[in-house]
Amino acid sequence: MSAVELRDLFRVHSTPEGDAAALQGLTLNIREHEVVGVLGPSGSGKSTLLRIVAALDRPSAGTARVFGLDLPKLSERRRAEYRRTQLGYADQHYSRALAPELRAREQIALAASLRGASRGERVRRADELLEKVGLGGRGAAFPAELSGGEQQRVAVAAALAHRPRLFLADEPTGELDAANADLVYRLLGELVRDEGCTALIVSHDPGSERVADRVVHIRDGRLAAEASREGGGDEEIVVGRGGWLRVPEEYLLRAGIGSHAVARLEGETVVLAAAGTENRGVAAEPASLGPVRPAGVVAEAIGVTKRYGETEVLTDLTAAFEGGRLYAVTGPSGSGKTTFLHLLAGLETPSAGEIRVGSETLTSLDRESRARVRAREIGFVSQQPALIGFLNARENVELGLAVRGVTNNERTTEALVLVGLAERVTQRVSRLSMGERARVAIARAMAGFPSLLLADEPTSRLDEANSLSIAVLLARLARETGAAVVCATHDPVVIAQADEVLPLH
């Protein structure tokens with residue numbers, strides 16, 4: 001029996017710059033109690049698909065039925081009732097799903113009340129789920145007292161507390177390190193099967209494949225490939241009418257295939273290659289930005305300790321960062337990666353020890369003096385880079401320069417060319433893919449020609465192809481500009497490109 005039936009699904013978004021199709025004739029059936037993973041690059045339509053199945057959005061055309069309900073035809077009241085009674089939902093921003101003033105047990109018990117359970121039933125249900133996610137002894141903890149992985153486990157338990165028939169997860173491990181991501185996926189698989197749910201897990205992380213009965217790949221708003229346990233797990237490319245098919249983007253990237261390719265038949269094998277001399281894959285060299293800085297130590301942490309109240313996040317940490325090199329700062333969630341980047345940027349000060357950038361000792365400077373050093377020497381790419389959606393790529397970079405007191409249009413253009421956005425400079429940021437937005441954020445940080453570039457989880461929300469592209473770009477930025485590039489990351493793709501790894505524990 002089908003739980004979810006999607007047929008010829010289209011979703012077109014209208015904007016002042018024209019219409020954009022997020023889904024283009026997608027067809028997908030999910031059996032009751034089946035766990036399906038949906039993979040695809042940023043901008044492929046994964047989140048739009050999830051919003052339609054959650055009755056948060058309506059398709060422009062096509063059919064969307066869940067448990068026999070024709071979702072587009074439901075009234076707003078019926079749609080709200082469907083979400084309240086039939087759905088469980090978890091996304092990557094677990095902190096948003098948890099009320100900071102409620103303890104873990106109360107978070108789950110509150111969700112259980114959606115089905116009108118008595119107080120005793122709600123508490124028993126909460127304790128049962130806490131045990132299942134390995135947090136039986138943490139029911140009295142507030143979210144701030146839990147690690148990122150523990151918070152996400154509480155959020156998942158809360159999403160299942162009211163015994164939904166359909167569980168939806170949108171990038172549930174996007175903000176977690178590899179170890180916590182593996183744990184969350186394992187628990188997800190066990191929980192949804194124990195609860196008898198049908199599950200749809202949207203992700204760009206191939207780790208989700210391990211818990212799915214079937215994995216489907218979406219590209220350009222259509223079903224591109226799928227693999228099932230019953231079929232042995234081998235991925236099959238879906239061939240559409242007329243021979244339409246979609247080659248995995250990471251294959252094209254590694255093969256250096258850009259906008260054109262040639263195909264030839266060798267026996268029973270079809271071979272694709274870049275057309276002519278075109279090569280816009282990972283081997284493409286970016287333009288340079290300004291004069292190359294001389295090599296040498298750009299930044300240092302000397303005996304750095306950082307405490308928050310009674311909690312010691314970093315202890316007696318010493319490290320040096322040389323220009324022209326890419327550094328990966330690694331460690332599990334809560335190990336202090338982001339805190340360390342904030343210290344290097346002068347956004348926070350250590351409890352003990354020194355931070356030096358160039359000839360300046362940041363720990364001896366006041367807030368305003370640190371800000372001047374930051375404007376002159378440091379570029380920072382945060383996890384949420386706060387780009388302005390209604391401005392185009394060039395305007396976002398120019399705004400970043402203006403904050404630094406620089407008005408140089410040539411530098412703006414150079415930075416955008418450097419990150420591979422020469423053809424997208426006038427495109428509104430809200431219309432760019434996630435990978436392109438990540439490049440705009442990097443261009444904005446690099447346009448000031450910093451000697452130290454700090455990037456906090458720069459690939460956390462990207463698919464494998466875009467992660468590889470950004471990792472290669474960061475490594476080349478270090479070589480091309482002579483800057484020291486320091487990334488807080490748990491992404492093995494970035495770690496593989498790094499010249500040096502600094503593990504935190």
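Atom set for the values below is all heavy atoms of this structure, side chains included, hydrogens, waters and symmetry mates excluded.
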R193 atom CZ, over 12 foreign heavy atoms within 6.0 Å: yes
query: Counting heavy atoms not belonging to R65, are there more than 12 under 6.0 Å from its CZ?
result: no
field: Matching residue for C197 among L166, V192, V35 - test: side-chain contact (heavy atoms from CB on, under 4.5 Å)
entry: V192
Option passing side-chain contact (heavy atoms from CB on, under 4.5 Å) with L454 (candidates V381, V485, V329, L344): L344
- prompt: Using the ring of each side chain (for Trp, its six-membered ring), is F321 parallel, tilted or perpendicular to F340, with breaks at 30° and 60°?
  reply: tilted
Does the distance from a Lys or Arg side-chain N to an Asp or Glu carboxylate O, for [X] and [Y], drop under 4.0 Å?
X: R51; Y: D170; value: no
X: E34; Y: R214; value: yes
X: E128; Y: R125; value: yes

field: Full working for side chain to side chain contact (heavy atoms under 4.5 Å, CB included) between V494 and S467
entry: CA-CA 7 Å; V494 178; S467 293; 5.9 Å; no
Steps toward side chain to side chain contact (heavy atoms under 4.5 Å, CB included) verdict (E145, E150): CA-CA 9 Å; E145 298 171 331; E150 289 171 334; over 6 Å; no
Heavy-atom pair of closest approach, residues P332 and K337: O-NZ, 3.4 Å
task: State, with a plain yes or no, whether a side-chain heavy atom of L23 is found less than 4.5 Å away from one of L6.
output: no
message: Is the shortest side-chain heavy-atom distance between V53 and L87 below 4.5 Å?
response: no
message: Apply side chain to side chain contact (heavy atoms under 4.5 Å, CB included) to residues L49 and I218 and explain how you reach the verdict.
response: CA-CA 10 Å; L49 166 65; I218 294 179; 3.6 Å; yes
message: Checking R424 against V440 for the side chain to side chain contact (heavy atoms under 4.5 Å, CB included) test, could you report, in this order, the C-alpha distance in whole Å, the side-chain angles of both residues, the deciding distance, and whether it holds?
response: CA-CA 10 Å; R424 307 286 277 169; V440 173; over 6 Å; no
query: If you measure from OH on Y89 to CG on L200, what distance do you get to the nearest 0.5 Å?
result: 10.0 Å
query: Side chains of D456 and T338: is there a donor and an acceptor less than 3.5 Å apart?
result: yes
